[in-house]
Amino acid sequence: MNSYAVALIAFVCIFGGALLGFVIQYFLPEHHLSANSKDTVKLGAGLIATMAALVLGLLVASAKGTFDTVNAGLMQSGAKIILLDRVLANYGPETDGARAALKSSVQNGLEKIWPEDEHKVNENGLKELENSRDIEKVTKVVYSLKPTTPEQSELQTHALQLCSDLLQARWLLIEEQQNVLPRPLLIVAVFWLSILNVSFGLFAPRNLTVLTVLFACSISVSGAIFLLVEMDTPLDGTIKVSSAPMHKALEDIGR
């Protein structure tokens with residue numbers, strides 16, 4: 001889902017609900033706008049607001065869980081990359097090629113997912129990660145090593161295990177990204193929020209102050225929905241997980 005499009009649609013629906021409430025208020029007979037009617041509408045609006053809050057809470061939990069999982073996976077991968085470099089360094093100068101390939105893989109990942117140019121937003125970070133074969137190349141180089149001592153043999157085994165862990169972490173990140181926000185929940189939440197704004201506009205005074213407040217509320221809720229969709233795709237779009245673990249790994253490789 002495109003987060004900007006989703007947020008824009010949400011804003012149009014929610015603010016449009018408030019405007020619809022103003023229109024309905026204009027055509028309603030006076031006795032429909034009595035104090036008893038207002039009390040009943042307020043009770044209904046309170047019920048809808050409670051349900052909308054519950055659904056938004058579920059969406060926040062889902063998006064935050066995805067974001068945290070990917071962030072934790074990147075931190076673990078960064079630590080294992082540093083450990084793999086140390087293991088290869090202890091093996092001997094024969095692993096210089098593997099260490100160079102490892103450093104190149106980290107650099108490529110940073111350039112593809114977190115481009116240095118702030119104006120160049122990569123919308124396909126997940127696709128770039130899925131198509132990358134850098135760690136597999138490092139694994140082949142490590143596998144081709146010919147240990148001459150028991151210590152080197154043990155280090156090679158350890159290095160291959162770390163390569164396997166990095167490959168597994170990569171695919172786990174890719175699979176985690178397949179758990180998108182439940183669209184029915186998002187649609188229902190926007191619908192309920194729109195109905196809620198209709199109830200606001202139904203009894204609100206028709207003046208610029210009220211219109212501005214309802215506009216600001218609609219912008220705020222749409223912004224929250226934008227953040228939800230962005231957090232659900234931590235490797236794509238505008239809001240991404242921090243690249244600090246990978247930058248730290250890149251600094252330590254080759255030392």
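- Note on L28: it does not cluster hydrophobically with V23, by side-chain heavy-atom contacts below 4.5 Å among ILVMFWY residues.
- Q107 contributes no side-chain N or O that, together with a main-chain N or O of L250, makes up a donor-acceptor pair within less than 3.5 Å.
- Although no hydrogens or angles enter the test, the distance criterion places a donor-acceptor pair under 3.5 Å between the side chain of T69 and the main chain of G65.
- Remark: the backbone N or O of L145 is not paired with any side-chain donor or acceptor of E94 at under 3.5 angstrom.
- Sorted by first then second residue, the salt bridge (Lys or Arg N to Asp or Glu O under 4.0 Å) pairs that include residues 141-162, not counting sequence neighbours, number zero.
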- request: Walk me through it: do T212 and T209 pass the test side-chain hydrogen bond (donor to acceptor under 3.5 Å, both in side chains)?
  value: CA-CA 5 Å; T212 302; T209 300; over 6 Å; no
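- A donor-acceptor pair under 3.5 Å links the side-chain atoms of Q25 to the main chain of A204, judged by distance alone.
- For the ring-ring contact (aromatic ring centres under 6.0 Å, His included) condition, the pairs that include at least one residue of residues 191-224, sequence neighbours left out, are F11-F215, F15-F215.
- The backbone N or O of Y91 sits nowhere less than 3.5 Å from a side-chain atom of T95 that would complete a donor-acceptor pair.
- Taken from CG in N90 to CZ in R86, the straight-line distance is 7.5 Å, to the nearest 0.5 Å.
- In terms of hydrophobic clustering, with Ile, Leu, Val, Met, Phe, Trp and Tyr side chains grouped at heavy-atom distances under 4.5 Å, W114 and I253 are assigned to a common cluster.
- Using a 3.5 Å distance cut-off with no hydrogens or angles, the side chains of S37 and S34 do pair a donor with an acceptor.
- Residues I187 and L8 do not share a hydrophobic cluster, defined by chaining ILVMFWY side chains whose heavy atoms lie under 4.5 Å apart.
- Remark: S62 OG to L186 CG distance equals 10.5 Å, nearest 0.5 Å.
- The distance from atom CG of L19 to atom CG of L211, rounded to the nearest 0.5 Å, is 6.5 Å.
- Side chains of Q161 and T157: no donor on one and acceptor on the other come within 3.5 Å.
- Criterion: ILVMFWY side-chain heavy atoms under 4.5 Å apart, direct or through other members. Under it, M51 and I14 are part of a common hydrophobic cluster.
- Taking hydrophobic clusters as Ile, Leu, Val, Met, Phe, Trp and Tyr residues chained together by side-chain heavy-atom distances below 4.5 Å, I135 shares a cluster with L110.
- Distance check: L58 CG to L185 CG gives 6.5 Å after rounding to the nearest 0.5 Å.
- In this structure, A249 and G78 approach most closely via the heavy-atom pair CB-O, 3.8 Å.
- Across every non-hydrogen atom of C163 and T139, the tightest pair is CB-OG1, 3.3 Å.
- Between L74 and M246, the closest heavy-atom pair is O-CE, 3.4 Å.
- With S218 contributing its side chain and L214 its backbone, the two residues share a donor-acceptor pair below 3.5 Å.
- Between L88 and A98, the closest heavy-atom pair is CD1-CB, 4.0 Å.
- The closest donor-acceptor contact from the side chain of S164 to the backbone of L160 lies at 3.5 Å or more, if one exists at all.
- Rounding to the nearest 0.5 Å gives a distance of 10.5 Å between CZ of R170 and CG of L166.
- Judged by distance alone, the side chain of S105 and the main-chain N or O of L102 form a donor-acceptor pair under 3.5 Å.
- The two residues V55 and A189 have their closest heavy-atom pair at CG1-CB, 3.7 Å.
- Not a single donor-acceptor pair under 3.5 Å links the side chain of S104 to the backbone N or O of A100.
- In this structure, the separation between CG on D232 and CG on L227 is 12.5 Å, given to the nearest 0.5 Å.
- The closest donor-acceptor contact from the side chain of S194 to the backbone of C13 lies under 3.5 Å.
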